[in-house]
Amino acid sequence: MSFDPRRVPARRDLAAAHLKGEVEADRFVEGRQMAVATASAPLTAHRDPEAGLASQLLHGERFTVYDLDDATGLAWGQAARDGYVGWVPQAVLDAPGTPTHVVTALMTHRYPEPDLKTRPFDMLPFLADVEIVGAEGRWLEVAQGGWVPAQHLGTERPGGDWVALAEAFLGAPYLWGGKTVSGLDCSALVQLSLHGVGRDCPRDSDMQEGEMGAEIDPDGGFARGDLVFWKGHVGVMADADRLLHANGHAMAVTYEPIVEARARIEAQGGGPVTTARRLD
């Protein structure tokens, strides 16, 4: 049986217990629920602590661990939020808490005291899950330590216009596999923005192309929120004429006239638009 290793926690030597009878593996194991304790965590496709990013996990994000490799210090498992499978450093994982709030700002600082003049020691990204255990004025105390401004947290995801959330990342640097305002890639821009309004969205652009919305004619005119796909790339239309995308050409999240983007990407070897899709 063939499967996508990015989404199915199975290898030749080991697989998740719930997959028994569906995949072949030497042994099947029950997973252990963990959560990311740092601001974010690198996730790689290979058992190599120096491997390039495949994705990132955000603070508080649940991760089911199926295998530990003490030689590399990595844990192999599956992210709960989007089902992505890979290796993350064991050191960034801890027992899961009980999230009460979510970061609604693009990024917030974490302070040692409820005082904006103290030196922050960490940052938490957009959509990080946090457990709040105390309050003082306009400050909220995080269970794992530190204080954050109440203005940057909510008890629910921001909601509203998902394209407006994507536009808030304008100017953020491009980072292959990244998922924060410190650096993100094309599919993360789409995923984070849709997650911000409570809509499920897979991680990679090929998954999004195959699963999101209904196909439309890429030459028939665009509307705000339409997704435009190339091989290995995705952008969202801000309006009928402008594409918003995290791209390696500008190394940032930028607007680009769709006519110019199509011509440039094809001229640079990226090929023509493969599909365009309109969300419900």
Side-chain angles (χ1 to χ4, degrees), residues 4-11 34-69 71-94 103 106-107 122-129 165-166 168-196 200-209 229-236 244-254 270:
D4 188 341
R6 297 172 297 175
R7 305 173 90 173
V8 179
R11 311 188 314 239
M34 303 291 284
V36 176
T38 51
S40 63
L43 183 148
T44 63
H46 306 288
R47 192 188 316 223
D48 178 358
E50 301 301 323
L53 284 179
S55 188
Q56 287 179 314
L57 305 179
L58 308 181
H59 178 87
E61 191 168 347
R62 301 296 178 94
F63 186 72
T64 303
V65 174
Y66 294 104
D67 189 21
L68 296 173
D69 186 333
T72 61
L74 298 176
W76 182 77
Q78 185 172 34
R81 186 170 292 180
D82 59 15
Y84 215 81
V85 173
W87 296 88
V88 303
Q90 296 180 33
V92 307
L93 300 175
D94 202 351
V103 176
L106 292 184
M107 187 77 80
D122 197 8
M123 301 175 77
L124 298 175
F126 179 63
L127 297 187
D129 288 327
L165 292 180
F169 284 89
L170 190 66
Y174 180 87
L175 176 65
W176 181 277
K179 282 183 63 174
T180 77
V181 72
S182 295
L184 73 170
D185 61 23
C186 64
S187 54
L189 178 66
V190 172
Q191 186 192 55
L192 284 170
S193 304
L194 286 169
H195 281 180
D200 289 337
C201 178
R203 176 62 179 92
D204 292 340
S205 62
D206 63 319
M207 301 172 183
Q208 295 170 0
E209 184 173 17
F229 294 91
W230 290 260
K231 184 178 181 180
H233 187 61
V234 61
V236 56
L244 177 72
H245 59 151
N247 62 91
H249 177 69
M251 289 303 291
V253 178
T254 61

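Heads up: numbering here begins at 1 and tracks the sequence.
In this structure, Asp204 contributes its side chain and Asp206 its backbone to no donor-acceptor pair below 3.5 Å. Looking only at distances, a side-chain donor or acceptor of His59 sits under 3.5 Å from a matching main-chain atom of Thr38. Side-chain atoms of Gln78 come within 3.5 Å of backbone atoms of Gly83 as a donor-acceptor pair (strictly under, hydrogens ignored). Asn247 places a side-chain N or O within donor-acceptor distance of the main-chain N or O of His245, the cut-off being under 3.5 Å. Counting only distance, with no hydrogens or angles, the side chain of Gln208 and the backbone of Pro202 share a donor-acceptor pair below 3.5 Å. Counting only distance, with no hydrogens or angles, the side chain of Gln90 and the backbone of Ala75 share no donor-acceptor pair below 3.5 Å.
Considering CG of Leu165 and CG of Leu194, their distance stands at 9.0 Å, rounded to 0.5 Å. Atom CG of residue Leu192 and atom OG of residue Ser187 lie 9.5 Å apart, to the nearest 0.5 angstrom. With rounding to the nearest 0.5 angstrom, the CE atom of Met207 is 5.0 Å from the CG atom of Asp4. The distance from atom OG1 of Thr180 to atom CE of Met123, rounded to the nearest 0.5 Å, is 8.5 Å.
Looking only at side-chain heavy atoms (C-beta outward), Asp67 and Arg47 come within less than 4.5 Å of each other.
Taking each heavy atom of Ser55 and Lys179 in turn, the nearest pair found is OG-CD, 3.4 Å. Scanning all heavy atoms of the two residues, the minimum distance from Pro9 to Val85 falls at N-CG2, 3.8 Å. Residues Val253 and Leu170 share a closest heavy-atom pair of O-CD1, 3.5 Å.
By the 4.0 Å N-to-carboxylate-O rule, Asp185 lies close enough to Arg203 to be salt-bridged with it.
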Subject >> Verdict with reasoning, Leu43 to Leu53, per side-chain contact (heavy atoms from CB on, under 4.5 Å) >> reply: CA-CA 6 Å; Leu43 183 148; Leu53 284 179; over 6 Å; no
**OP:** Apply side-chain contact (heavy atoms from CB on, under 4.5 Å) to Ser205 and His233, showing your working.
**Re:** CA-CA 6 Å; Ser205 62; His233 187 61; 5.7 Å; no
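Between Trp87 and Trp76, the two ring planes are tilted [angle within 30° to 60°].
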